[in-house]
2 protein chains.
Amino acid sequence: MHSQAEENYLKAIYSLQNNPRQEVSTTAMADKMQTNASSVTEMFRKLAGKDLVHYRKYRGVQLTRQGKTMAISMVRKHRLWETFLVEKLNFSWEEVHDIAEQLEHIQSEVLTDRLEHFLGYPKYDPHGDPIPSSKGELLKVKGKRLTELKIEEEGVLINVKDSSEEFLKYLNKKNLGLGDRIKVIAIEPFDKSIKIDNNTQEHVISEQIAKNLYLK
Amino acid sequence: MHSQAEENYLKAIYSLQNNPRQEVSTTAMADKMQTNASSVTEMFRKLAGKDLVHYRKYRGVQLTRQGKTMAISMVRKHRLWETFLVEKLNFSWEEVHDIAEQLEHIQSEVLTDRLEHFLGYPKYDPHGDPIPSSKGELLKVKGKRLTELKIEEEGVLINVKDSSEEFLKYLNKKNLGLGDRIKVIAIEPFDKSIKIDNNTQEHVISEQIAKNLYLK
DNA sequence: CTTAATTTTTAGACAAGCCAAAATAAATAT
DNA sequence: ATATTTATTTTGGCTTGTCTAAAAATTAAG
Ligand SMILES: [Mn+2]
Ligand SMILES: [Mn+2]
Ligand SMILES: [Mn+2]
Ligand SMILES: [Mn+2]
């Protein structure tokens, strides 16, 4: 059917496409996939040949209906497996992404659906990302970035946009997790770092970090 | 590390090696792997280069200590995943083998160990095959073949040696499953087919089928 | 023991993915 | 509008795993 390489490309295109009309460029992909621009061009042509993307030379690609369906299916599997690992096997949220990168390629529709049932139809994965339904429907997370809050404003952390081990370990160290109520105490104008109150402790976090935290 | 192809070859060599001294031939492998003899030769050389097998030209291969460890690790993962699929996701025993063929290639030692813990350290998989421990220890199933029983002898079905969907669906149709008490009523000398009593029903099964059923 | 049949290896090719360097198109600056 | 910079594609080559056909070794038969 489709190779793992193809699946990974589709997923990456999906995550880079902010709106369905936007074309994803060769370099953006090469950057995301940690690979060579020429490799990306070749894969673009291949995916176009399979009607998974629309490809215009020198312009980039956008997902076809079919390609989008595939991409969302990958996201669904990835997030269901992450949820399984945390909820059932007691992994912590920073350990699951890499394993899910492998598990998402297991090909069995019925397995995915049974897993979802076993997990009790979770709406969000361990990082607060919404889990697409078997029909490909996807809730929109309506939180706002921590960087958008003003002083004295507060909210609950509902989503992290970076699932890397390094980032999540940083949050662990600062005792920050999903569901925490966070209040902005001060904003340093020079570097836009933010002093926050986490109910129990105060921390100063960089803009870089804050950009990846979504609150409601 | 190791490719899926390498892992599959090691597992196949392990299953063809009746005793650790026995050399597995190129054609036996080609037959098992549904591939070409020349492909097998090339993989034998490659595995020998990685010290996973001892290879003597024109003689065949046997697993090295290292190769055996790898092979048993694959078997362990395969059987744990099959158990998961049946015990937790309510698959039936004929549906799990092909999915486990994919899942066994997921690389994460800690995942395997956590899965085993989650399943409560099962000793046997859904087909009655023993599950190797994390140290590679493996119980020996000490059942005897149904074909070895004499008339009026009986036993409990504890293991099936064929995990293919077709074979297991046949057993389902005859209402035969692990744990069933089976008694030999008659043996047809001409084709060695066996009439059995399953407590509730009587069936005639071919020698071909009977060879794959192990009783205690 | 010598020939015939079978098994195994070698040789030459091919597809999938990848990369580095060269060529070309597009975007930007002057 | 032209020159320069940047992005993209093309070209040639490499690795893994596969296949078919031919050659060589082993085994079986007479
Ligand atoms: Mn993830
Ligand atoms: Mn996630
Ligand atoms: Mn199996
Ligand atoms: Mn099994």
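All chains are named by letter (A, B, ...) in the order of the sequence lines, taking the proteins before the strands, and each is independently numbered beginning at 1.
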*What's the shortest heavy-atom distance between His127(B) and Trp93(B), and which atoms?*
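Of all heavy-atom pairs spanning His127(B) and Trp93(B), the closest is NE2-O, 2.9 Å.
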Tell me: [atom1] of [X] to [atom2] of [N], nearest whole Å?
{"X": "Glu23(B)", "N": "dT7(C)", "atom1": "CD", "atom2": "P", "result": "17 Å"}
{"X": "Glu7(B)", "N": "dT16(D)", "atom1": "CD", "atom2": "P", "result": "16 Å"}
{"X": "Glu6(B)", "N": "dT16(D)", "atom1": "CD", "atom2": "P", "result": "9 Å"}
{"X": "Asp31(B)", "N": "dT7(C)", "atom1": "CG", "atom2": "P", "result": "11 Å"}
{"X": "Met43(A)", "N": "dT10(D)", "atom1": "CE", "atom2": "C1'", "result": "18 Å"}
{"X": "Met29(B)", "N": "dT7(C)", "atom1": "CE", "atom2": "P", "result": "17 Å"}
{"X": "Arg45(A)", "N": "dA16(C)", "atom1": "CZ", "atom2": "C1'", "result": "14 Å"}
{"X": "Asn36(B)", "N": "dA11(C)", "atom1": "CG", "atom2": "P", "result": "16 Å"}

_Sugar-phosphate only, base, or nothing, as touched by Phe44(A) at under 4.0 Å among non-hydrogen atoms_ =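 The residue Phe44(A) makes no contact with any strand.
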*How would you label the contact of Thr27(A) with the nucleic acid (heavy atoms, under 4.0 Å): base, sugar-phosphate, or nothing?*
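If one applies the 4.0 Å heavy-atom cut-off, Thr27(A) turns out to touch the sugar-phosphate alone, with no base involved.
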*With ring centroids as reference points, do Phe84(A) and Phe91(A) lie under 6.0 angstrom apart?*
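Distance test on ring centres: not under 6.0 Å, no.
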*asked:* For Thr35(A) and Glu42(B), find the nucleotide of DNA chain C closest to each by heavy atoms; which residue's nucleotide sits nearer the 5' end?
replied: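 Taking each residue's closest nucleotide, the earlier one in sequence belongs to Glu42(B).
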Short side-chain N/O contact to [N] OP1/OP2 from [X], under 4.0 Å:
{"X": "Tyr58(A)", "N": "dT6(D)", "result": "no"}
{"X": "Lys57(A)", "N": "dT10(D)", "result": "yes"}
{"X": "Arg59(A)", "N": "dA27(C)", "result": "yes"}
{"X": "Tyr9(A)", "N": "dC18(C)", "result": "yes"}
{"X": "Ser25(B)", "N": "dT7(C)", "result": "no"}
{"X": "Ser38(A)", "N": "dA20(C)", "result": "no"}
{"X": "Thr41(A)", "N": "dT10(D)", "result": "no"}

*Please examine the side chains of Asp191(A) and Glu207(A), heavy atoms only from C-beta on, and report whether any two atoms are closer than 4.5 Å.*
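They are not in contact (no side-chain heavy atoms under 4.5 Å apart), so the answer is no.
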_Could you tell me if the side chain of Ile106(A) sits less than 4.5 Å from the side chain of Thr112(A), heavy atoms only?_
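A side-chain contact under 4.5 Å is absent here.
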*Quick one: which of Lys161(A), Arg145(A), Lys142(A) gives a side-chain hydrogen bond (donor to acceptor under 3.5 Å, both in side chains) with Tyr214(A)?*
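Answer after filtering Lys161(A), Arg145(A), Lys142(A): Arg145(A).
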